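I have placed the structure first, in the form of structure tokens, so that the comments after it can refer back to it.
This one's a predicted model, so the numbers in the text were calculated from it and none came from an experiment. One-based numbering along the sequence shown. In each ligand, atom 1 is the first atom listed, and ligand 1 is the first ligand listed.
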Amino acid sequence: MLAPDTRLNTRLILGVESSCDETGVALVALPAEAGPGAATASPARPRLLAHALHSQIDMHQAYGGVVPELASRDHIRRVVPLTRQVLAEAGCAMSDVDVVAYTRGPGLAGALLVGAGVACALATSLGRPMLGVHHLEGHLLSPFLSADPPEFPFVALLVSGGHTQLMRVDGVGRYELLGETVDDAAGEAFDKSAKLMGLPYPGGPHLARLAQGGRDGAFELPRPMLRSGNLDFSFAGLKTAVRTHLVRLGWLDRPEALADPAHQAVLADLAASTQAAIVEVLVKKSLAALKATGLRRVVVAGGVGANRLLREQLDGACARRGIRVHYPELHLCTDNGAMIALAAAMRLQTGQARLTHEAVFDVQPRWDLAAI
Ligand code: KG4
Ligand code: ZN
């Protein structure tokens, strides 16, 4: 139980994330004195009290990718124990929760329905409202939980397994799409290239690790749409180029060749070249977005935001131009419940939360962030 005086001045928001292969639950405290106000003001910040995460990576690894039905079933197993864990860590009772937030989309329909169903049941049993949150808004606002939060307005580079977007963000709920991928997302480019190289799912972090020992100029790879004159991306051609190199080496679809210790230096070169191509496009397009908008601040969010080379290159390029770069804490880059509870808190804070008491819910597997 929270101390009574703390309780009086705070609203507690429980956040549930279940859009893909991570079950995340978190509790965020929203200072009550920061009532509805301007979306661009900087009122007292929501505070993360506790969060817990279960990753299904081990379960899906055997299949080389997420199996939606298995994902849904595992979310069912995890979500209540994780909720209990979070409440215990925060020293709160279920009845202390004021709002139950959940990821409404985008994501896997069955997986989303688990989080939405549990959130709806909890909220209804407590007589509290619930709130469906856009997953990408969670990613986009997640740097507000870091020690060095951004200020509005900023350019956001959203780079996850399913999305690659550049947005202009003028405040909570004020999102303008500047450009996005026309085919694969940056995370997909990492994951699909890594799979071709025989690396486990999800390939991004594995490819980044292998790339550490490689030379980034060893293989010629395209920088798709670098000179397209707009802020869109395309990564499908890059994966095809990686495939072509592996065909030339005679290693495509040959696990024993890909695992051969004598081939690891060449594979490290290919990984380094792939990573360099993806990162160069992301950095240059982000700089172009900053130039086009005239903004001096950029936020990087989503799983690929954990990539070290991306951070180094973007930090270096922005430092030279006097531009500030903000990231979520490293452990909040990939999917988590904290960003969902935070996005709900920031919507409440700015008077933009569509709370509902009805014991009905829906999910939106496909959902455009700029349209919310
Ligand atoms: O945001 P996220 O957890 O899930 C989605 O909403 O998609 O992002 C997952 C993606 C995966 O494609 C994963 O390979 C990639 O983020 N990723 C990385 C790194 N860590 C995660 N990609 C490159 N380097 C990393 N260190
Ligand atoms: Zn995500």
Under 2.8 Å from the Zn ion (ligand 2), is there an N/O/S atom belonging to His135? yes

Side chains of Thr23 and His54: is there a donor and an acceptor less than 3.5 Å apart? no

Heavy-atom contacts with Thr334 under 4.0 Å: which atoms of ligand 1 show up? List them by number with element. 3 (O)

Pair His163 + His139: ring centers closer than 6.0 Å: no

Salt-bridge criterion met for Asp232 and Lys285 (N-O under 4.0 Å): no

In ligand 1, which numbered atoms sit nearer than 4.0 Å to a non-hydrogen atom of His139? 1 (O), 6 (O)

Is the shortest side-chain heavy-atom distance between Leu108 and Ser19 below 4.5 Å? no

Can you sort out which atoms of ligand 1 are near Gly162, meaning under 4.0 Å from one of its heavy atoms? 7 (O)

Per-atom contacts, ligand 1 versus Gly161 - under 4.0 Å to a heavy atom: 5 (C), 7 (O), 8 (O), 9 (C), 10 (C), 12 (O)

Aromatic ring centroids of Phe190 and Phe235 under 6.0 Å? no

Is the closest heavy atom of Cys20 to ligand 1 under 4.0 Å? no

With heavy atoms of Gly187 as the reference, note each atom of ligand 1 found under 4.0 Å away. 12 (O)

Atom 12 (O) of ligand 1 [closest protein heavy-atom partner, distance rounded to 0.1 Å]: Asp191 OD2, 2.7 Å

Should Lys195 and Asp191 count as an ion pair when the cut-off is N to O under 4.0 Å? no

